[in-house]
Undergrad: 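Submitted below is the structure of interest, expressed as structure tokens.
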Amino acid sequence: MRAVMRRFTCFNEQNRLCIRNTQIYLALRLSCSIFVPQIININQKTMTKKITIAIDGHSSTGKSTMAKALARRIGYAYVDTGAMYRAVTLYALRNKLIKGEKVDEKALREHLKRGEIAITFRPTKEGKSVTCLNGKNVERYIRSMRVSNVVSIIAAIGFVRKEMVKQQQAMGKDKGVVMDGRDIGTVVFPDAEMKVFATASAEVRAQRRFDELRAKGDTTTTFEEVLENVNERDRIDSTRKESPLRQADDAVVLDNSHMSIEDQNEWLYQLYLSRVRS
Ligand code: DC
């Protein structure tokens with residue numbers, strides 16, 4: 001039954017059920033008038049079942065791109081938790097709470113406690129979402145090398161993580177959310193119905209980030225610097241005391257070193273369908 005359903009139906013961009021092959025469908029419908037409505041009922045049921053989707057993995061594996069694409073395709077909210085740690089880092093840099101690699105943790109804790117670091121996501125007219133720090137769009141600044149170089153240090157601080165996890169759990173409490181990060185399937189939503197662990201070789205990931213920086217007009221950072229940053233972040237992320245990056249036991253691994261974005265998106269979508277149908 002499900003094989004037949006998959007063959008003749010698909011979901012469009014608005015997550016509406018479409019008929020893939022109208023002629024065969026009509027023939028099927030004529031010859032079996034009870035069977036086809038049953039197919040549609042199953043789809044309607046799966047469309048309404050909301051789940052939590054956790055996408056964790058190494059830095060620069062394209063988690064955000066694929067998570068965003070999936071969220072848009074299935075009509076879910078998307079939360080980029082890395083952007084939240086980046087926004088806290090930007091705040092700390094701007095307020096001189098980081099000197100070199102040393103963080104003034106006492107002061108940072110006070111600022112957080114007083115609610116002076118408000119992170120929100122604002123939808124744009126183009127259907128995207130931008131990260132805001134205290135109401136201001138900081139998307140461009142949080143992706144800079146200045147922030148990338150020290151974000152792992154901020155993300156390793158226990159009280160920062162505790163506060164971010166609390167906010168992330170609140171954002172996903174009603175399900176219907178795709179959240180990407182490092183600890184979503186292990187700490188934030190250990191009961192998520194769908195967990196993916198994305199990985200790729202360090203060189204492939206560095207090349208992706210390097211291309212991104214060049215595309216944004218950064219002509220000074222070298223490939224070697226980016227590779228060093230990728231390796232260093234892997235080391236800090238997976239060896240830190242607080243919620244180290246690790247694959248959840250029930251996560252499905254996606255090594256996308258040699259996969260196109262389209263293939264990844266389809267892989268993810270099929271996994272989603274299998275989860276909502278089970
Ligand atoms: O995904 P990203 O590269 O934008 O993440 C930025 C940093 O934040 C990275 O060092 C890992 C850290 N991070 C984390 O510790 N936990 C998360 N849930 C998300 C990101």
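Every number for a ligand or one of its atoms is a count from 1 in the order of the listing. No experiment lies behind these values; they were computed from the predicted model shown.
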Undergrad: Are a donor atom and an acceptor atom from the side chains of Glu163 and Gln167 found within less than 3.5 Å of each other?
TA: yes
Undergrad: Got an N/O contact under 3.5 Å between Asp180 and ligand 1?
TA: no
Undergrad: Among all protein heavy atoms, pick the one closest to atom 10 (O) of ligand 1 and tell me residue, atom and distance.
TA: Ser152 OG, 3.1 Å
Undergrad: Of all heavy-atom pairs between Tyr76 and Lys50, which one has the smallest distance, and what is that distance?
TA: OH-CA, 3.4 Å
Undergrad: Could you find the nearest protein heavy atom to atom 8 (O) of ligand 1 and give me its residue, atom name and distance?
TA: Tyr85 CB, 3.7 Å
Undergrad: Measure from atom 15 (O) of ligand 1 to every heavy atom in Arg240, Glu242, Lys63 and give the option owning the shortest one.
TA: Arg240
Undergrad: Give, for atom CG of Leu268 and atom CG of Leu70, the distance between the pair rounded to the nearest 0.5 Å.
TA: 4.5 Å
Undergrad: Can you run down the side-chain hydrogen bond (donor to acceptor under 3.5 Å, both in side chains) pairs that involve residues 94-104, sequence neighbours left out, and say none if there aren't any?
TA: none
Undergrad: Show me the side-chain donor-acceptor pairs of residues 135-158 shorter than 3.5 Å, one per line, residues at least two apart or across chains.
TA:
residue, atom, partner, partner atom, Å
Asn137, OD1, Glu139, N, 3.0
Glu139, OE1, Thr131, N, 2.7
Glu139, OE1, Thr131, OG1, 2.8
Glu139, OE2, Arg143, NE, 3.0
Glu139, OE2, Arg143, NH2, 2.8
Arg143, NH2, Asp80, OD2, 3.1
Ser144, OG, Tyr141, O, 2.8
Ser144, OG, Val147, N, 3.4
Ser148, OG, Arg86, NH1, 3.2
Ser148, OG, Ser144, O, 3.1
Asn149, OD1, Asn229, ND2, 3.3
Asn149, ND2, Met145, O, 3.2

Undergrad: Measure the CG-OH distance between Asn134 and Tyr91 for me, rounded to the nearest 0.5 Å.
TA: 6.5 Å
Undergrad: Do ligand 1 and Asp237 have nitrogen or oxygen atoms that lie under 3.5 Å from each other?
TA: yes
Undergrad: Looking at ligand 1, does any of its N/O atoms fall within less than 3.5 Å of an N/O of Arg182?
TA: yes
Undergrad: Starting from atom 7 (C) of ligand 1, what is the nearest protein heavy atom, named by residue and atom, and what distance separates them?
TA: Val151 CG2, 3.6 Å
Undergrad: Are any of the N/O atoms on Thr81, whether in the backbone or the side chain, positioned under 3.5 angstrom from an N/O atom of ligand 1?
TA: yes
Undergrad: Starting at NZ of Lys106, measure out to NE2 of His111 and round the result to the nearest 0.5 Å.
TA: 10.5 Å
Undergrad: Return the minimal non-hydrogen interatomic distance between Lys241 and Pro244, and the atom names on each side.
TA: O-CD, 3.7 Å
Undergrad: Out of Gly82, Ser64, Ala155, who is nearest to atom 20 (C) of ligand 1 when you count heavy atoms only?
TA: Gly82
Undergrad: Taking both backbone and side-chain atoms of Arg233, is any N or O found less than 3.5 Å from an N or O belonging to ligand 1?
TA: yes
Undergrad: Among protein heavy atoms, which sits nearest to atom 6 (C) of ligand 1, and what does the distance come to when rounded to 0.1 Å?
TA: Arg86 NE, 3.7 Å
Undergrad: Can you confirm, on distance only, whether ligand 1 has an N/O atom lying under 3.5 Å from any N/O atom belonging to Asp80?
TA: no
Undergrad: How far is atom 16 (N) of ligand 1 from its nearest protein heavy atom, and which residue and atom name does that atom have?
TA: Arg161 NH2, 3.0 Å
